[in-house]
Amino acid sequence: MSSTGENGAAAEPEQLAFIRETVKRAKPRTWRGAKRAEHLPVARVVVDKGVLTIDKFFDYEVPAAMAEEAQPGARVRVRFGARVVKGQREGGELHDGFIVARLEKSDFPGPLAPLAQVLSPEPVLTPPLLRLCRTVADRYAGTLADVLQLAVPPRHAKAEAEPSPPPRPRPPEPAPGGWSRYPAGPDFLAALAGGGSPRAVWTALPGPGWPYEIARAVAATLAGGRGALVVLPDGRSVARVDRALTELLGEGMHATLAADLGPRERYRRWLSVSRGSVHAAIGTRAAMFAPVRDLGLVVVWSDGDGSHSDPRAPHPHVREVALLRAAEESAGVLLGGHAVTVEGAQLIRTGWARPLAADRETVRQVAPRVRTVTDQDQHRDAAAQAARLPSVAWEAAREALASGGPVLIQVPRRGYVPRLACGRCRTPARCRRCEGPLEAAAADAPLHCGWCGGAEPDWHCPECGSFRLRAQVIGARRTAEELGKAFPRVPVRTSGRDAVLATVPAEPALVISTPGAEPVVEGGGGYAAAVLLDGWALLSRPDLRAGEETLRLWLAAAALVKPAAEGGTVVVVAEPTARPVQALVRWDPLGHAGLELDERAQLHFPPVSRMASVAGSPAAVADLLGLIRLPSDADVLGPVPAPALRGEEQERALLRVPPGQGAALAAALKAAQIARIALRTPETVRVRIDPTDIG
DNA sequence: AGCACGCCGACT
DNA sequence: GTCGGCGTGCTC
């Protein structure tokens with residue numbers, strides 16, 4: 001076969017793609033014997049190479065032709081892994097990297113290879129961004145290269161060629177607005193405007209005001225001559241703050257770094273921040289690294305939301321990155337939400353942040369009335385019974401619809417797949433032979449075991465003897481169908497995973513939503529009522545955060561309901577004595593977070609202790625645990641069997657250290673990982689600081 | 001990761 | 001004598 005490509009017409013698409021790629025990107029010359037730059041001839045480079053370049057910088061010679069462009073922060077290509085043949089350096093794979101410094105001389109004893117190419121002189125990796133990425137990598141036992149991938153967006157040449165507008169003018173100091181509802185609110189704004197760095201854990205009042213409060217905090221920071229950054233958990237909340245900022249400051253005063261923009265627009269906006277044209281940035285998770293200059297304020301909204309945790313290694317969390325930035329860049333912090341996380345409560349308790357909350361009287365004025373009801377309380381009405389609505393919930397929904405407002409029904413996610421449990425006492429229905437979960441292919445279909453497949457024709461509950469079964473959670477779709485029958489002639493709208501509604505009209509309707517997908521009522525009036533169904537399903541999840549998370553989901557829904565004075569009612573179907581239920585009834589998220597924090601402290605759980613998980617094959621986990629040199633008062637929990645991965649047996653161990661030793665734990669884990677690579681141990685161990693799924 | 005260098009057993 | 005085993009170490 002010819003190697004010259006005459007058979008190109010028959011080539012596979014991948015080959016064509018490869019050819020196009022190689023043709024498009026000009027091959028950098030070797031710069032063999034080229035003159036080197038006279039001034040600062042050494043470029044220190046962070047090479048964007050996977051795990052194996054264990055966090056080292058490499059020095060390269062700067063050819064004279066690149067002396068001007070090869071500035072710190074610039075993207076470059078370098079040859080890596082070359083070999084020396086007959087005194088000449090040959091080959092070496094091209095890798096992308098960033099210049100971190102220009103130096104007079106290198107401390108590397110051998111000869112330096114020249115930079116292959118300056119991809120772009122744009123100084124994207126600014127010193128503060130580099131410092132932040134280094135700090136985040138250390139905090140999470142990850143590599144700088146991994147964090148850089150999260151922090152610096154891919155280059156888009158056209159976007160880079162466009163000039164950014166001149167720096168935006170500073171807005172005037174805003175009036176306190178909704179912040180005057182919080183005793184410490186006006187002072188908080190004034191401190192930001194005055195160049196101070198106040199740090200607050202903000203319990204946001206229910207209602208539609210919070211995006212405007214965030215916008216005012218941003219405006220105050222800009223007015224004081226500094227920059228501001230806001231990170232929110234999803235696109236809908238970004239859009240709300242985006243609108244509030246535009247209303248308050250006008251067009252073009254902030255950059256919205258949304259994920260759905262396309263690479264060019266995204267990079268264009270990122271550059272407008274990096275170049276200092278725009279002083280405020282908002283966005284979802286990835287925006288946590290936005291290179292806002294002279295940062296005066298970082299805002300994180302709803303820091304308990306799971307999407308603030310980055311799924312990519314080393315899994316940095318928006319709140320933690322925000323706190324690291326605030327410390328490093330002397331910025332203020334606003335950690336806000338309708339709920340308060342345990343981490344927020346801890347920041348208050350240690351004195352690092354101040355609580356920013358309204359007094360009880362104000363809360364009473366704006367919060368809806370909350371009632372609890374157990375789901376044993378069945379309604380007499382046949383339709384309500386079919387919809388499994390307790391009578392209190394049924395009445396509340398009926399009255400709310402009659403009053404002319406929409407009613408929100410929150411249903412835990414699960415779809416149609418029924419996981420069965422005892423209809424009376426909620427004990428999961430299990431197979432008598434293998435303890436596997438019992439399932440039914442359809443409602444009224446015969447029972448069988450989900451593990452061994454055996455039939456279970458005459459099940460009864462081993463705990464209470466009941467013969468009644470029910471699906472553990474009825475999904476949003478089926479709830480919608482059944483409620484539609486229960487309330488004929490009332491429109492039913494659903495919002496969930498696949499189709500999330502941003503808003504619903506302020507008219508009678510049943511709005512069925514999974515937690516976190518609740519639409520906002522147009523016009524700012526709010527729902528007339530909300531019914532929070534199947535609370536037990538949220539509360540009984542085997543997760544350390546189940547209580548905290550349930551309260552967060554409930555408060556987020558309840559915050560969309562009208563104040564009690566305007567008839568707003570929330571009915572939560574759950575055991576009334578449960579702590580999150582109590583906290584919802586009293587609308588006391590801060591108190592709840594404090595109690596949770598006490599409990600975590602007692603049990604030596606995070607965030608009072610710092611934890612890390614190590615997962616992999618039993619041999620690999622044992623190997624790492626044998627190598628690691630942990631701080632003396634560290635605990636090793638496990639290893640225990642974990643769910644198989646691609647059919648491979650897996651184990652997981654948890655490492656735990658007391659407060660203040662998180663950095664030591666991360667360092668020990670990183671050292672052990674490096675040692676394993678050096679010893680050429682084949683199987684990798686997945687290390688995760690602050691694991692999210694601990695039962 | 002690749003890929004070379006390096007120091008001990010059976011072969012043309 | 002040499003070819004080659006993959007242990008060990010490096011990549012600017």
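Every value quoted in this text rests on a predicted model; they were computed, and no experiment measured them. In what follows, every chain begins at residue 1, and chains take the letters A, B, ... in the order their sequences are listed.
In this structure, CZ of A:Phe57 is placed 20 Å from P of C:dC10, rounded to the nearest angstrom. Rounded to whole Å, the distance from CG on A:Leu94 to C1' on C:dC12 is 14 Å. Separating the CG atom of A:Leu112 from the C1' atom of C:dT11 is a distance of 13 Å, rounded to the nearest angstrom. Between the C1' atom of C:dC10 and the CZ atom of A:Phe80 lies a distance of 9 Å, rounded to the nearest Å. What separates CD of A:Glu93 from C1' of C:dC12 is a distance of 16 Å, to the nearest Å. Taking atom CG on A:Asp59 and atom P on C:dC12, their separation rounds to 11 Å, with Å as the unit. In this structure, A:Ile674 atom CD1 and B:dA1 atom P are separated by 14 Å, rounded to whole Å. The CZ atom of A:Arg79 sits 15 Å away from the C1' atom of C:dT11 (whole-angstrom rounding).
The aromatic rings of A:His308 and A:His317 lie tilted to each other, with the angle between the two planes from 30° to 60°.
When heavy atoms are screened at a 4.0 angstrom cut-off, A:Tyr60 is found touching the sugar-phosphate backbone but no base atom.
The residue from A:Ile674, A:Asp55, A:Leu148 that alone fulfils the side chain to side chain contact (heavy atoms under 4.5 Å, CB included) condition with A:Thr143 is A:Asp55.
Contacts classified as side-chain hydrogen bond (donor to acceptor under 3.5 Å, both in side chains) and involving residues 286-302 of chain A (residues at least two apart or in different chains) are not found.
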Under 3.5 Å, side-chain donor or acceptor atoms of residues 106-115 of chain A against the rest of the protein: list the pairs with distances, not counting sequence neighbours.
residue	atom	partner	partner atom	Å
A:Ser106	OG	A:Asp59	OD2	2.5
A:Ser106	OG	A:Phe108	N	2.9
A:Asp107	OD1	A:Arg44	NH2	3.4

